[in-house]
Amino acid sequence: MFPDSNLNSSKARHLDINAPDQIVETFADLTGHDARLSIRFEGLEVQYPVTLALLDRDLHQCVLRASDLTDLNEHLSQRLPFYLEIQHTSMSMTSALMRPLKTSGQADWVDIRAALPVSFKLTRQRNLFRATLERGMKVNMLMTAQRGGNEVEGRLVDLSIGGCLIAVSVNDAIHFQIGMPLYRLRAVFPSSEAFDASGCVRHMRCSDNSGDVMVGVVFDASLADFERQVWFYVREIEREAVRLEAPPEREVAPSRLFNEGGAAIEVEAIATPQEEALATLPLFDNVKNIARALGVQLINLQAGMSLETAVLSEQARRLLALLQEDRQALLYALACVERHSTPLVCHGMTVAARLADLESGARTTEQIVQMMACAMVHDFGKILLPEQVRLHQGSMDAATLFHLHPHVELLRFRIERDAFAADVRRDVLLSINERLDGSGYPRGLDGHSMSRLARMAAVVDAIDAMGRPRSDRPAWLALDIYRHIFNAGSCFDTGCVNRYVKRYGFTPIGSLVAFSSGFQGWVMRLDGKGQPSRVRVVRELTHDKRMDQVLEGADLVQLGTLEGCVGRHDSAMIPW
């Protein structure tokens with residue numbers, strides 16, 4: 001009944017309590033809690049306030065203490081049965097009839113000894129009750145943060161008059177912040193019936209049992225008509241939950257919301273050919289799990305928590321193990337995970353893997369792990385920037401860029417200072433945005449103040465960032481990126497750029513390339529000369545035909561001469 005009571009395990013609004021041990025524990029919960037007790041005699045409306053003076057577990061009896069009143073004593077002298085009524089902030093309870101066994105007392109009060117009731121009826125307060133969607137019930141939630149903005153799809157977890165709890169993917173949760181107003185919320189039931197509301201994000205937390213983030217929303221409408229509408233859906237969800245849990249011999253009519261126009265029981269989704277292919281892609285599941293763990297850290301950071309350095313180190317070790325297991329398979333898996341995680345996480349993972357690939361050299365395993373951990377989160381501070389900066393669309397002028405720079409310092413104070421070696425922290429976390437000519441940020445260092453690791457981190461970060469689409473431009477092709485970097489020689493270390501190009505080539509793994517025969521495909525592997533040796537062919541331009549065929553080795557000859565990288569023309573052109 002109360003916050004620490006075992007009755008909370010039941011989520012129903014109405015509950016019959018008739019197990020003797022539960023009745024005893026209900027009385028035990030009455031001590032030390034802000035509950036109002038009263039007794040009401042059968043056939044009468046007058047209530048008499050009482051307190052629990054004694055609970056006798058052995059005799060299964062209790063003693064209720066009341067003020068000494070003439071009319072109360074008269075009822076007790078007739079040994080009239082009474083109901084015990086309990087009012088709490090979140091629920092009310094009414095006992096079965098109880099009969100006084102003995103009365104005693106002093107001048108100001110009277111004690112009533114009675115056997116514990118055989119049952120209680122519990123009713124949770126309507127305005128606080130949350131109807132929880134049990135297994136087999138599915139209600140889609142569509143959320144829009146601003147007028148004309150993108151819709152994010154989630155799953156309704158519970159609903160009350162005042163708000164709801166929605167499960168969304170880690171990838172989608174990044175778009176929300178605590179306190180953010182939601183222009184539109186739409187719940188769509190299996191029957192296709194829907195209701196709309198608006199509200200505000202109250203809290204966010206990562207689920208322990210799934211890969212989702214739980215977003216708590218409070219409705220901003222308090223009109224009576226709106227409350228009546230929402231209460232209808234709350235009752236229907238509760239009724240369907242009762243139906244699903246009812247024993248076979250007890251028939252409960254199904255709710256129209258879960259029965260008409262769609263199945264009441266959630267049907268297991270059938271994997272698409274693309275999902276089946278991804279499941280067999282080397283290292284992909286491991287990469288996706290690392291991305292999810294980092295996404296959780298990003299959500300926690302946004303919610304006001306600090307980064308867990310132990311988690312970062314663990315994920316860095318996992319990523320390093322994959323790099324050592326199959327370098328090229330990892331690079332392609334990183335390209336494929338982009339649709340399953342956020343840009344900040346994907347960018348950080350790729351920079352970490354490529355930096356370790358280039359700079360592992362004479363470093364110890366622990367040094368490499370720390371270097372990768374810092375690289376994975378180097379841009380996470382952007383989630384802490386003001387919304388108008390973080391969600392800026394279009395090209396950035398000097399003033400907007402200036403307001404972007406604080407993300408480094410914001411992150412610096414949200415990560416344990418002594419978790420990583422001072423030089424690694426300085427060279428990767430704090431200096432990755434610096435430039436040789438002093439035009440970088442946050443400290444405007446010049447080349448004399450930047451170590452070799454800092455110079456290489458700056459090159460890897462810039463190349464990967466330019467190879468990703470932004471709101472003001474599409475992703476750059478590898479050749480264009482290299483040309484730009486070389487032309488900005490005063491900003492970047494030429495030796496580091498040469499080393500990068502030699503290592504990854506002009507058609508890097510994860511690039512979309514074209515062949516003279518009119519075919520296009522994604523580079524999955526390179527040979528010793530830096531040429532594609534395994535390609536996933538996805539399009540034949542002559543007949544505008546979509547394909548999905550992996551070719552390697554001698555079979556690549558039928559594609560003709562490699563012409564180089566091409567841009568992505570539509571959303572269907574994904575690595576897998």
Side-chain angles (χ1 to χ4, degrees), residues 130 139-188 194-207 210-223 226-227 230 233 291-292 294-307 340-348 377 379-394 396 400 403-407 409-411 413-414 470-472:
R130 287 185 171 271
V139 175
N140 292 330
M141 289 293 298
L142 301 175
M143 299 178 288
T144 307
Q146 54 188 343
R147 187 185 296 270
N150 294 329
E151 275 189 338
V152 171
E153 185 171 350
R155 173 177 53 84
L156 184 65
V157 176
D158 64 37
L159 178 68
S160 72
I161 287 180
C164 60
L165 188 66
I166 306 168
V168 300
S169 69
V170 173
N171 189 18
D172 288 331
I174 300 299
H175 299 296
F176 300 100
Q177 283 185 311
I178 296 173
M180 174 184 287
L182 297 175
Y183 165 70
R184 183 191 184 197
L185 292 158
R186 163 161 283 200
V188 183
F195 83 90
D196 296 310
S198 58
C200 179
V201 177
R202 174 63 61 84
H203 62 80
M204 297 172 64
R205 61 178 174 80
C206 295
S207 171
S210 69
D212 295 326
V213 174
M214 300 299 168
V215 179
V217 174
V218 57
F219 296 140
D220 59 15
S222 58
L223 300 177
F226 176 78
E227 289 191 356
V230 177
Y233 293 111
R292 183 195 175 271
L294 293 177
V296 169
Q297 290 298 303
L298 191 60
I299 293 293
N300 290 341
L301 187 69
Q302 186 183 41
M305 301 167 62
S306 294
L307 292 176
H340 301 266
S341 190
T342 69
L344 286 178
V345 169
C346 293
H347 173 59
V377 300
D379 261 355
F380 276 23
K382 290 179 179 178
I383 204 71
L384 305 174
L385 293 169
E387 186 174 332
Q388 65 270 23
V389 178
R390 183 170 59 87
L391 302 180
H392 178 83
Q393 297 291 311
M396 287 192 171
T400 308
H403 289 100
L404 180 70
H405 295 171
H407 76 84
E409 291 298 317
L410 288 173
L411 181 66
F413 294 105
R414 299 286 283 277
R470 290 193 331 202
S471 62
D472 61 333

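Heavy atoms only: backbone and side chains are in, while hydrogens, waters and symmetry mates are out.
Across M204 and A173, no two heavy atoms sit closer than the pair CE-O, 3.4 Å. The two residues R202 and I178 make their nearest non-hydrogen contact at O-CG2, 3.5 Å. In terms of heavy-atom proximity, C206 sits nearest to V296 at SG-CG1, 3.4 Å. Minimum interatomic distance between G154 and V168 (heavy atoms only, all atoms of both residues): CA-CG1, 3.9 Å. The two residues Q177 and V201 make their nearest non-hydrogen contact at O-CB, 3.4 Å.
No side-chain donor-acceptor contact under 3.5 Å links E153 to the backbone of D172. Not a single donor-acceptor pair under 3.5 Å links the side chain of R414 to the backbone N or O of L307. The backbone N or O of T342 lies less than 3.5 Å from a partner atom in the side chain of N171, making a donor-acceptor pair.
Looking only at side-chain heavy atoms (C-beta outward), V152 and F176 come within less than 4.5 Å of each other. D212 is listed as a side-chain neighbour of R155, based on a closest heavy-atom distance under 4.5 Å. Residues I174 and I299 have side chains in contact (heavy-atom distance under 4.5 Å, counting atoms from C-beta outward).
Checked against F219 for a side chain to side chain contact (heavy atoms under 4.5 Å, CB included), the options C164, C200, S198 give a single hit: C164.
Taking Y233 as the reference, F189, F195 meet the ring pair (Phe, Tyr, Trp, His ring centres under 6.0 Å) condition, with sequence neighbours excluded.
Once rounded to the nearest 0.5 Å, the distance linking CG of L142 with CZ of R186 reads 7.5 Å. Between the CG atom in L159 and the CE atom in M141 there is a gap of 8.0 Å [rounded to 0.5 Å].
Within a 6.0 Å radius of NE2 in H403, other residues, nucleotides and ligands contribute 12 heavy atoms or fewer.
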